[in-house]
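Any value given below was found using the heavy atoms of this structure, including those in side chains, with hydrogens, waters and symmetry copies removed. Being a predicted model, the structure only gives us computed values, none of them experimental. Naming convention: chains lettered A, B, ... in sequence-line order (proteins, then strands); numbering from 1 in each chain.
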Amino acid sequence: MSDIKVSINNGESTILPAGSLAKTAVAELLSNKQRKRTVAVFINGEVVDLCTPLTEDSVLTPIQTGSAEALSVLRHSTAHIMAEAVRDVFGTEVKVAIGPSIEDGFYYDFDRKEPFTPEDFEKIEARMTEIIRKAVPFTRSKVSSESAIERFSAEGEKYKVELIKDLGVPTVSLYEQGSFSDLCRGPHLPDTSFVKAFKLLRVAGAYWRGDEKNDMLQRIYGTAFFDKKALKKHLNALEEAKKRDHRKLGKELELFTIQDEIGPGLIMWQPKGALLRKLIEDYWKDAHYQNDYELLYTPHIARQDLWKTSGHLDFYGENMYSSMDIDDVQYQLKPMNCPFHIGIYNSRRWSYREMPIRWCELGTVYRYERAGALHGLLRVRGFTQDDAHIFCMPEQLEDEIFNILDLNLQILKTFGFDKYEIYLSTRPDKYVGSDEHWEQSTEALKLALEKKGLAYTIDPGEGVFYGPKIDIKIKDMLGRSWQCSTIQVDFNLPERFEMTYTGKDNQDHQPIMIHRALMGSLERFIGVLIEHYAGVFPLWFAPVQARILNITDSQIDYCNEIYAAFRKAGIRIEKDLRNEKLNYKIREAQMAKIPYMLIIGDKEKDSHTVTLRLRNGDNIADMSIDDFIEKIKQECEDGKNS
RNA sequence: GCUCAUGUAGCUCAGUCGGUAGAGCGCAUCCUUGGUAAGGAUGAGGUCAACGGUUCAAAUCCGUUCAUGAGCUCCA
């Protein structure tokens, strides 16, 4: 057998007999410490495990603890360990499906009649710990698909059999650790002892291959790390997310309520939430006015014929509520605002000189969502879109997209979102409009993104049937992504509604239509905002900006007097003049996350000032009423323009 | 819609083996007038999600429905 040259990162190299394992090379080329951190290697850009035989000259790049790839390998292996443990505890009648690593951990799907319970988790975890302690090696073997099918059939592992059959390849790889053998592409850890910290988190139903026509399996989710500290940090982050849950904060801060009597997925805004929403809406309207948009209002229902013309009944009918009869004519609740804006467009003739036309509306729409999909403010059945439609000539498309992106990012930034992922979705298999149109507009979207200097990812074939689109996913304080903004080009509706404008040539031309929503829906956006800020809203859109706290009854008159003055000045202020101790009032104001507490005692009353306490516990020396009004106004301006 | 879990006072939750309900917070009244995260006392408040069944007896056991949660799926 000939020798081969193996090097690490093109650095140190060694000569080994062909067929040596990657492990051997790593052992020879890395220090003991480095070796212990190595869980797999890249060879030619591919992640493989350490028991891979090397057959030719190779350059290895070690994958070491601390990297995302290593974590993914770890979690994948932990999923296998969990599967082994489940079968050890509950027997081989439990069938296994798939068990990949996912963003924050891993899962494994099991087919078992009885549901897994929290007590079962303890048993599984205990068994996993035993397996990990034994440092069982993961070994890989290549077998013919035929023999693998034979073997898994004999074991009754029908899901594995189905997977292999669908792969349609001559050989497959199996991974084995201890008593457990699994169809798997790998790679895996050298042995189970690399798993230093793990936890099973929850169990939920999941269809085999995500198809509801298939069997319902039980999916156990868990997570794993290379050290206990990281696991603890992750669990703390989950706790933190729980604390920020907008449903919990929404209740505590009295922002909104959802009630059985009213119906699921229908939001009622309580006074504080309504005020919060008004502030956001006002800002949004001002920003649009400043950017040359005009505001529209349109009805909530329309004749069914409209929805036939628009194509919504054909393409979106499943999400629309059934019709109602008004004087023998059928009407339907709107799931979208676009046909109404088109109606306004078609109410008169337009000249090319008037293009582009930019119309916006905070339009409330109703869409049917499956019961299991509803979630607080984030997924509801009635919501208000921050909608806009731009009608323009083809040559204006790029500029318009650029302007939309500009306004879009400005608004997101004002609300504290300056990290995002941008996706450009191109033509799907089923589409309307000419290829030329598609190419031109996709190009216009690209150019606008590039001109704005934005990095984006292309989602091939993910466009809507009527045109290409740009989606923006914002990242919140905890690093979670939320899809809010969407910008869609539409060749379909202008055609269906026979929209025209008179060109320079005195001929009719068809405008291009752009749909766009920046926040997506107010409900959803506010839900995200609550979690992003953990309810501690910036002063400019905090529903309550200040609360007056008196020390004794002797300041009540003065408190009422300044309360009136602040309200008149447009400060959102409350007063707490109850017969309670100051400590008690401060505690309540603090928990209500009110930005400023105005402490009023005899001192302030006599000097005609207020003493400020901030919600972070800091104190600001007393200042005059006018100075305080000025301060709040200035801070709000700064907040809005940040 | 599907799987599993949950549903008790305005809120957060106890409630054992089936014997018709309990705490803390909040709320009301009274005492207390207290300068930076909970002063004290008394009191009101519940068809135990709804409907049906088993039982001498159901918050508790069974069934159905509704809602909520974790997911699957879908999407703003």
Does the side chain of A:Tyr584 get closer than 4.0 angstrom to OP1 or OP2 of B:G35 through an N or O atom? no
Would you say B:A76 has OP1 or OP2 under 4.0 Å from some side-chain N or O of A:His515? no
When you check the phosphate oxygens OP1 and OP2 of B:A37, does a side-chain N or O of A:Arg615 lie under 4.0 Å from one of them? no
What residues 241-272 of chain A contributes to the RNA chain B interface at heavy-atom separation below 4.0 Å is A:Arg247, A:Lys251, A:Asp260, A:Pro264
Dot-bracket encoding of pairs in RNA chain B, which uses [ ] for pseudoknotted crossings and | for another strand, Watson-Crick or G-U under 3.5 angstrom: (((((((..((((.....[..)))).(((((.......))))).....(((((..]....))))))))))))....
Numerically ordered, the residues 522-530 of chain A set in heavy-atom contact under 4.0 Å with RNA chain B is A:Arg524
Intermediate values then yes/no, ring pair (Phe, Tyr, Trp, His ring centres under 6.0 Å), A:Phe391 and A:His341: CA-CA 10 Å; A:Phe391 306 103; A:His341 291 197; 7.8 Å; no
When the side chains of residues 250-268 of chain A are checked against the rest of the protein, which donor-acceptor pairs come out under 3.5 Å, sequence neighbours left out?
| from | atom 1 | to | atom 2 | distance (Å) |
| --- | --- | --- | --- | --- |
| A:Glu252 | OE2 | A:Lys248 | NZ | 3.3 |
| A:Thr257 | OG1 | A:Gln259 | NE2 | 3.3 |

Distance, P atom - from B:C30 to B:C13, rounded to whole angstrom: 33 Å
Over all strands shown, is A:Val380 touching base, sugar-phosphate only, or nothing at heavy-atom distances under 4.0 angstrom? base
OP1 or OP2 of B:U36 less than 4.0 angstrom from a side-chain nitrogen or oxygen of A:Arg587, does that happen here? no
For A:Phe383, is the NZ or CZ atom of A:Arg367 found under 6.0 angstrom from the centre of its six-membered ring and inside 45 degrees of the ring axis? no
Taking only the C1' atom of each, what is the distance from B:A23 to B:G63 in whole angstrom? 33 Å
Pairs in or reaching into residues 262-272 of chain A: which pass side-chain hydrogen bond (donor to acceptor under 3.5 Å, both in side chains), with residues at least two apart or in two chains? A:Lys272-A:Glu574
A:Glu240: what forms a salt bridge (charged side-chain N to carboxylate O under 4.0 Å, His left out) with it, not counting sequence neighbours? A:Lys243, A:Arg244
